[in-house]
Structure formats: structure tokens, C-alpha cells
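Below: the structure, in C-alpha cells.
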Protein chains: 2
Amino acid sequence: MTSTLNSRSWTTERRRFVEAGGNTTYACGLGRMVGRVFALLYLTPEPLALEQIAESLAVSKASASIVVRQLAALHAIRRVWVPGDRRDFYEAETDFGVIFRDGLMPGVRKKLQSARAQIERMMEAEAASDVLEVSLSAAPDEATLTREQRAELRRRLKNARSLHSRIDRVLGSKLLSRFL
Amino acid sequence: MTSTLNSRSWTTERRRFVEAGGNTTYACGLGRMVGRVFALLYLTPEPLALEQIAESLAVSKASASIVVRQLAALHAIRRVWVPGDRRDFYEAETDFGVIFRDGLMPGVRKKLQSARAQIERMMEAEAASDVLEVSLSAAPDEATLTREQRAELRRRLKNARSLHSRIDRVLGSKLLSRFL
DNA sequence: CAGTCCGTTTAGAATTCTCTAAACGCTGGC
DNA sequence: GCCAGCGTTTAGAGAATTCTAAACGGACTG
């Protein structure tokens, strides 16, 4: 016993849903295709082959292939094996906790750590320039800071570093991934 | 009494810091310029005029003007008035809590709400297609779902809606903005 | 009231990103 | 071993974004 889903509204909403998924990932700096493919698979309870994905979204298999790989790396979709079919099938990961924890977080935290390292290099550079204090200002257009301004700069850098620490800590906590 | 900051390392690190800021905002879907300008102002304790910003980053005043407006809309920088100078000066907002709460959150929550609305339209469409159940499947290539698959689809949609609710709730909570 | 100095707007250039078509390599079946 | 089907790679077309230069409008000044 099967039921057909072919009312106009369903088809329309499906397209809009897929597009909304694309916009979401685009706003996050990932491509539009990433969200579209995920949304499509999320709406499709059974696994889809690469070509079905490409056809559904009216894109080339090449595009679909690349996007599918990104999504798999993000743990957002799984490659599943269908007996008797040589093609690769894909299905959405429905546990968002897994996607966040295993797929998104590692990359985010790596970026965060790199930013924090940059802040610390900046602090070192600021401190090192201390020894050259009141050196003859050879370059007239160089930035010249008062003592208070340098103190303010140090304050800002410390504050930024502290923020990064707090964010990194909360992203690492199990509380968050349990929440999703 | 002033101290000069002109060691090679400081200049280098400053450029890298600015570039890192650009990469961060780019990864978040905002342009690179947004982060570069903010990073520059964050490293500069005194207010900068538009042209100084443009010159520092080697971009046109037009670009700087547009970016500066975006940043002001995000509450990430403030326009300040310098007595005796007709130009507009800008300084970084150093309280990240303000930036998140007043600048970023409203936009994020609006996007979230729009996504949630799309999910709900999808649920309605799915439910509405019920009445057409077992309609003669005029289009042979239409998706046909078993009863279990439709149940799974409903489960997924409810799950996605629930996730959006939870995220929206935590973003709205004062706990978060107090944390930053 | 003319001249200058700002910031903004806008049309178009330039760059970057994205997608595609075609060729390729691999695997399994005959 | 050869053919067919599948996914991937890649060079280049195409599209979208980003940046700029130039013109504009408003505001202060002499």
C-alpha cells in the first residue's frame, strides 16, 4: 500500500525547502549546493544515487559528486550500499548532534585556534616593540601611540583572547552537543 | 611621552591580524573587507577617518564607505565625532556582547525564523497531500512513498522544527549574551 | 556665492567563485 | 580481454560577487 505525494503544493514546497537549505549554507560560508543537496536528501527517506541527486536539482553529475563528498566529510550524509546496484547511494544524517559534533565542530575549532594563535603573535609583537621604545622615529608616517593607547591595545588583545578561550571551551563541552 | 611601534615584526603581525579578521568574516558569509576593517579599527585605539581606513588597507574610499556602513549596522563599529574635523571617524566596538546581542543576533534569528516557517509549510504540504492519497498516479515519475517512508518524513520534519526551536530559545536567552 | 572637502552612488571593470562538458580511470560482468 | 556503467578529474565557460573610478550632492568656509 503506497500513497502518492504529487499535489502541486508539495512539489512547490519541496523546491522552496531545498532552496532555503541552500540559502542557509550559503549564509554560513559554504556553497549553496551543499545545502540544497542536504535538504533534498533530508526530505527523501530512501537513499538516492548520485545521478538522481543531480537530476533532481538540475545540475551536472560533476557538481553533485563534489558536493556529495563535502557533505560526507561533514558527516552530514552517509554513503550507503544497496545490494545488487553498483552505484553509490546517499542518505541524510538525521542526527544533527552527529553533524555538529563530528562534522562541523572540528573545522570550527581549528579556525578558532588559528585565530587565537594570531592574537597571541600580535601580543608578542606588541610586547617586543617595547624595547625599541622611543627609538628615533625614522619613518614619520609610522603609527605613534601614547602610553595610554598602548595600554588600551593590550587590554583589547587580552579581551579578544579571553573571548576565544571561552568560545572554545563551550564548543568543546559535551553540554552543547548533547543539546542538539 | 610617546612610544613608537615600528618594528618589522609589529607591522607584519598587524597585517596578518587584519587578514585573519578578513578570513574569519569571510568564513561566516560576510565579505573579507568587513573583517579587515574591523580588525584594523580594533588594533587602533584612536578613531580613524574613512580615508585613513581606505589607505591603510589599500582599497578605494568607495569600498571602505560601504563596508563601514555594514559594520555600523552590525554595531561592530561606532561613528564618532572629532571636534574641529568635518570628517567622520570610526572606532571599534570593543564589547563583543554588544556586537553579538545588538548586531548579529537579530539577523541570525530572523533567518532562523524564516527557515522554521519553511519547515512548517513543508509539514502542511505533506499533511495536505494526505487527502489525495492513492490518487491515480498520473505522473509515472512522481515520487511515491510507502506509508513508513511518509512517517519517517514527518519524523524528520518534526525533528528539524524542534532543533530550530531549541536554537532560537538559546539564542534569545540572556545567558548567551552575558557569556560573551 | 564660489570653491573645497567629504561621503555616497553607480555603472562597469576585474576578480573570484561555480558549474559544466568531456576525457579519464576503475570496476564488474560477459 | 573487452565493453558498459559509474564516479572523478580538469580545463574552460559562465555567473556572481567585489572593487574601482568618476560623477554627484550636500555642507562648511572664505
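Reckoned from all heavy atoms, side chains included, excluding hydrogens, waters and symmetry mates. Each chain gets a letter, A, B and so on, in the order the sequences are listed, and its residues count up from 1. All figures in this text were calculated on a predicted structure; none of them were measured in a lab.
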Which nucleotide in the set dG26(D), dT17(D), dC19(D) lies at the smallest distance from any side-chain heavy atom of R86(B)?
dG26(D)
Would you kindly give the NZ-to-P distance between K61(A) and dA22(C), to the nearest whole Å?
13 Å
Please determine whether a side-chain nitrogen of the Lys or Arg among R16(A) and E13(A) lies less than 4.0 Å from a carboxylate oxygen of the Asp or Glu.
yes
Could you tell me the separation between the CD atom of E51(A) and the P atom of dT20(C), rounded to a whole number of Å?
14 Å
Rounded to the nearest Å, what distance is computed from the CD1 atom of residue I66(A) to the C1' atom of nucleotide dA11(D)?
13 Å
Report yes if some heavy atom in the side chain of W10(A) is under 4.5 Å from a heavy atom in the side chain of M122(B); otherwise report no.
yes
Between dT8(D), dC6(D), dT20(C), which one does the side chain of R87(A) approach most closely?
dC6(D)
I want to verify a distance call: between dA21(C), dT20(D), dG7(C), whose nearest atom is closest to the A62(A) side chain?
dA21(C)
Within 45° of the six-membered ring axis of F17(B) and under 6.0 Å from that ring's centre, is NZ or CZ of R121(A) located there?
no
Rounded interatomic separation in angstrom, taking CD1 from I53(B) and P from dC6(C):
14 Å
Starting at CG of D85(A) and ending at P of dG5(D), how long is that distance when rounded to a whole Å?
13 Å
Strictly by modelled atom types, are R15(A) and T11(A) linked by a side-chain donor-acceptor pair under 3.5 Å?
no
Provide, to the nearest angstrom, the distance between the CG atom belonging to D88(B) and the C1' atom belonging to dT8(C).
11 Å
Under 4.0 Å between a side-chain N/O of R69(B) and OP1 or OP2 of dT9(C), yes or no?
yes
Interatomic distance, W81(B) CH2 vs dC28(D) C1' [rounded to whole Å]:
14 Å
Just to confirm, is there a sub-4.0 Å distance from OP1 or OP2 of dT16(C) to any side-chain nitrogen or oxygen of Y26(B)?
no
If you find the nucleotide of DNA chain C closest to S65(B) and the one closest to A64(A), which residue's nucleotide is nearer the 5' end?
S65(B)
How long is the gap from CG on L48(B) to OH on Y90(B), to the nearest 0.5 Å?
11.5 Å
Of the candidate nucleotides dT20(C), dT9(C), dT9(D), which contains the atom at the shortest distance from the side chain of S60(A)?
dT20(C)
Spacing between N23(A) atom CG and dA16(D) atom P, to the nearest angstrom
13 Å
